[in-house]
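One structure is given here, and the rest of the page talks about it.
In listed order, ligands and their atoms are each counted from 1. In what follows, residues are counted from 1 in the order of the sequence shown.
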Amino acid sequence: MDAGHNAPEPRYWEKLRTIAGILRELEGPIVVVSHVDPDGDAIGSSLGLARALRTLDKDVRWIAEPPRFLRFLAREDEYADPVEHLPEGATLVVLDAAEPGRVAGAPVEGFVVNIDHHGTNPRFGYLALVDPSKAATAQIVKDLIDTLEVPWSSDIATPVLTGLITDTGNFRFSNTTPEVLRTAAELVGYGVHLAELTDRLQWRPPGYYKAMGAVLSTVEFHFGGLLVTAHMPPGVSVEDSDDFVGLIRYAEGSQIAVFLREREEGVVKLSIRSRGGLSAQAVAVRLGGGGHVPAAGATLRGVTLAQAYPQVLAAVEEELRRLGYI
Ligand SMILES: [Mn+2]
């Protein structure tokens, strides 16, 4: 990965003003979507922008399928159904989607506005505002809503703050900049019930805790403890399982953590985390995936769980060698 990957977008505010100006003038439908397997930033940034645009009396279709733990953010009547073709004269606003192939709920066609913070985003769409220096797409949406001059309410601020909270790991990751904390403070000032929100974001179904036990029984250490892995044992399934990587990543001495899950037969999803100068993103890219330097993911196809392990170990070994750890 080149060093410029997390560089800020130099024409950030200029591009925001262009996008805000276009959105304000639009008369046709605005379809707001995000990425497959949506996380808190995907749901929060898209829902926040959808709500802000609705206050401007726009015809907004928010297409999203939030995971269980995020469903409390939206009301039933806010959802639109996924579409195979965009409505006549529609504009597609894509949020937090690192590549067009990851966009969920609508085809990437016609007039596309692409707003994201993944350095690997190929800047697809008619207008692309990609700023990898931002902690979350929700930060860009916050600035866009300001630029649109939409009055803030707790209804709009709550999903936007959710994106900031989840993408910074509750303000713990290295992307928690002064800008993030200032923005969070401002959003809380718009009436967000912070304690209630952070409590709700941690709710998991009872089965999750049983699955956690099963996952922890698969923990293994490799390369003298530099890599810690675990997987979802076959037969165990639970929603919201992606954050099991968060369970193992704090193993003392580990620099990389990988959680493997067989999504369906022959499809293994990887969640990768790193520290100490190592790049989870570089490991993910070697395995056909992408993401951020400290947190990334990949999907292996045509492999069993057992066959996925050697591929993971080889990709991690290359990264450990690159940085001189082994
Ligand atoms: Mn994000």
Go through it in stages, so that I can follow the logic: the residues are H231 and F244, the test is ring pair (Phe, Tyr, Trp, His ring centres under 6.0 Å), and I'd like the CA-CA distance, side-chain angles, deciding distance and then a yes or no.
CA-CA 9 Å; H231 63 263; F244 281 137; over 10 Å; no

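Using a cutoff of 4.0 Å between basic side-chain nitrogens and carboxylate oxygens, D116 and K134 are not scored as salt-bridged. Under 4.0 Å is where a charged nitrogen must lie from a carboxylate oxygen, and between E78 and R75 at least one such pair does. Look at E186 and K142 and you find a salt bridge, because one of the NZ, NE, NH1 or NH2 atoms lies within 4.0 Å of a carboxylate O, short of that distance.
Within the 2.8 Å limit, D96 places at least one N, O or S atom next to the Mn ion (ligand 1). Distance check for H117 against the Mn ion (ligand 1): an N/O/S atom falls below 2.8 Å.
Distances from the Mn ion (ligand 1) to the N/O/S atoms of D41 are shortest for OD2. Checked against the Mn ion (ligand 1), the N, O or S atom of D167 at the shortest distance is OD2.
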